[in-house]
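Note on naming: letters A, B, ... go to the chains in the order of the sequence lines (proteins, then strands), and numbering restarts at 1 for each one.
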Number of protein chains: 2
Amino acid sequence: MGGPRFEPVRAVRAYERIVEQIEEAVESGALAPGQRLPSERDLMGQFSVSRSTVREALRVLQARGLVRSRPGDPNGAEVLPFTPAALHKSMTTLARVQGLSLAELVQFRMVLDSSANLLAARLRTDEQLAEMDAAIDRMREAVEQDYDAFSAADVAFHDAVARASRNKLIQICTEVVRSIVLGLVSGRIAEADDRVALMRRSIRHHEEVLAAVRAGDGPLAARLSRRTMYDYYVGYVPAEERAALRALLE
Amino acid sequence: MGGPRFEPVRAVRAYERIVEQIEEAVESGALAPGQRLPSERDLMGQFSVSRSTVREALRVLQARGLVRSRPGDPNGAEVLPFTPAALHKSMTTLARVQGLSLAELVQFRMVLDSSANLLAARLRTDEQLAEMDAAIDRMREAVEQDYDAFSAADVAFHDAVARASRNKLIQICTEVVRSIVLGLVSGRIAEADDRVALMRRSIRHHEEVLAAVRAGDGPLAARLSRRTMYDYYVGYVPAEERAALRALLE
DNA sequence: GCTAGTGCACTGGTCTGACCAGTAGGCTAT
DNA sequence: ATAGCCTACTGGTCAGACCAGTGCACTAGC
């Protein structure tokens, strides 16, 4: 024994090499958002491949949210600024394929939101506090009239908290998971008979959370935010899964 | 005014319709993992499109991790069981494009791991406790000899905790973010002069965390786990970013 | 002079048809 | 019965074509 150890090789297709090269250029910043790729016919020359191969590479890059192409555009594909769209897509797939329950999703939101509040209580700026105030004001105005406006203001509050945490990963995951959760329940909330009471209570809870953030009491803000989210969604979680949510409330 | 309100339409390409249909079949379970798609030549008949169009659709599905095709395979593309590979890919892209710092990533791991511990303290089974014990044993054995084995045992411990949390989202995000973090620092740890001391201390910390989990003290386990991870990685985080990490330690 | 309209050159989306290397399974020769 | 070849497929790639849509330069009309 002891001969040279060989590594498994995998056949690398031509289009994958193209994906790698363009991906590298985008991620390294050599290709900035807004810039254009050469046209497909140019690229087939540059890479010495056929147009089909170029196109398959572009399809992959597009699926990853790095570029977008538009028929008829005299320029080539456009390099996109990063959006969590691809992340959102794969998380949605995850949710469907793995059969994620609403309870799991809400639980994850509780984790993210409480951590964001914990950090925000220490790191928030006065401007961010003002944003949170404004969001709660809009929630108050929207009550009894427009659930969509209420929900939007609610989202704005949580976004302000997430930004105040200064952790982009928290911000983006918050955004992604929230949109999945809202997709599952927003219709049911909008039609609920007791939605006005639910909204009023939610506003009160948000005020308490904000007070804790303002006071710099991170652990309290975190605890209250978990409670807030629990109360808001528990009615839509099957009874047998509620214990898992309560495990996050001390 | 007051005419019918029209909705914006977007041109839907043929390959997108194919992606949607196959995606739906996979996510709904109509196509189970391990099953095969018809061959590309069959699909072009079924969808009444050319092979290029079929192939572009398959490229997208492959980029999303739903199917895989292999040249020469007499069967068609294989439907894959869900893996977080696509999620991993888009998070890695996110990390690079948005310039996520190691501090942010570690902070996120602290959030996930502490939440997992909080839940695990209440929900863990005896089998899972045994797994955690075994993982720490392997960490002990690996010390002073093989950093890779130590790291693998460390990973196994955190995975056991994540599973004990019974939240798949936490498990998967843990896995994804951890692999990104390890990709950034594992080389530096393996070469560090004080790595043996670091490993010994880490083992002690893991023992304390496990004791808290065993005792059912979630808040304590959560706090200790944050401290454990902080100590393990703080040496690799630039001094000016450490404050953000410390914000998670009370 | 300026504007409104018209082509034109080029784009991406799709199609057709072809070739190649690789695979699996049946067939054949041993 | 088995070892090895054959064949009918597969996916990967290529070449060349057509179409509808786009932006821009040019032109006709004011």
Next on the checklist: Keeping B/N117 on the side-chain end and B/D113 on the backbone end, is there a donor-acceptor pair under 3.5 Å?
Outcome noted: yes
Checklist entry - Using the C1' atoms of the five pairs at each end, what is the angle between the end axes of the helix from C/dG1-D/dC30 to C/dT30-D/dA1, to 10°? => result 20°
Item to check | Heavy-atom donor-acceptor pair, B/R59 side chain to A/A57 backbone, under 3.5 Å | outcome: no
Next on the checklist: Across nucleotides 5-17 of chain D, 5' to 3', mark each nucleotide with B, S or - according to how protein heavy atoms within less than 4.0 Å reach it.
Outcome noted: -----BBBBB--B
Item to check | Whether A/Q128 side chain and A/T125 backbone form a donor-acceptor pair below 3.5 Å | outcome: yes
Checklist entry - What residues form a ring-ring contact (aromatic ring centres under 6.0 Å, His included) with A/F150, not counting sequence neighbours? => result none
Checklist entry - Does any N or O in the side chain of B/R68 come within less than 3.5 Å of the main-chain N or O of B/A77, such that one atom is a donor and the other an acceptor? => result no
Checklist entry - What residues, two or more places apart in sequence or in another chain, satisfy side-chain contact (heavy atoms from CB on, under 4.5 Å) together with B/L245? => result B/V106, B/Q107, B/M110, B/Y230, B/V237
Next on the checklist: According to side-chain hydrogen bond (donor to acceptor under 3.5 Å, both in side chains), does anything in residues 28-38 of chain B pair up with another residue at least two apart or in another chain? List the pairs.
Outcome noted: B/R36-B/D73
Checklist entry - What are the two closest non-hydrogen atoms of A/A120 and A/V161, and how far apart are they? => result CB-O, 3.9 Å
Checklist entry - Which heavy atom in B/L169 sits nearest to a heavy atom in B/N167, and how many Å separate them? => result N-OD1, 2.9 Å
Checklist entry - Does B/R163 come within less than 4.0 Å of B/E131, counting only side-chain N to carboxylate O? => result yes
What's touching nucleotides 25-27 of chain C from the protein side, N or O pairs under 3.5 Å?
none

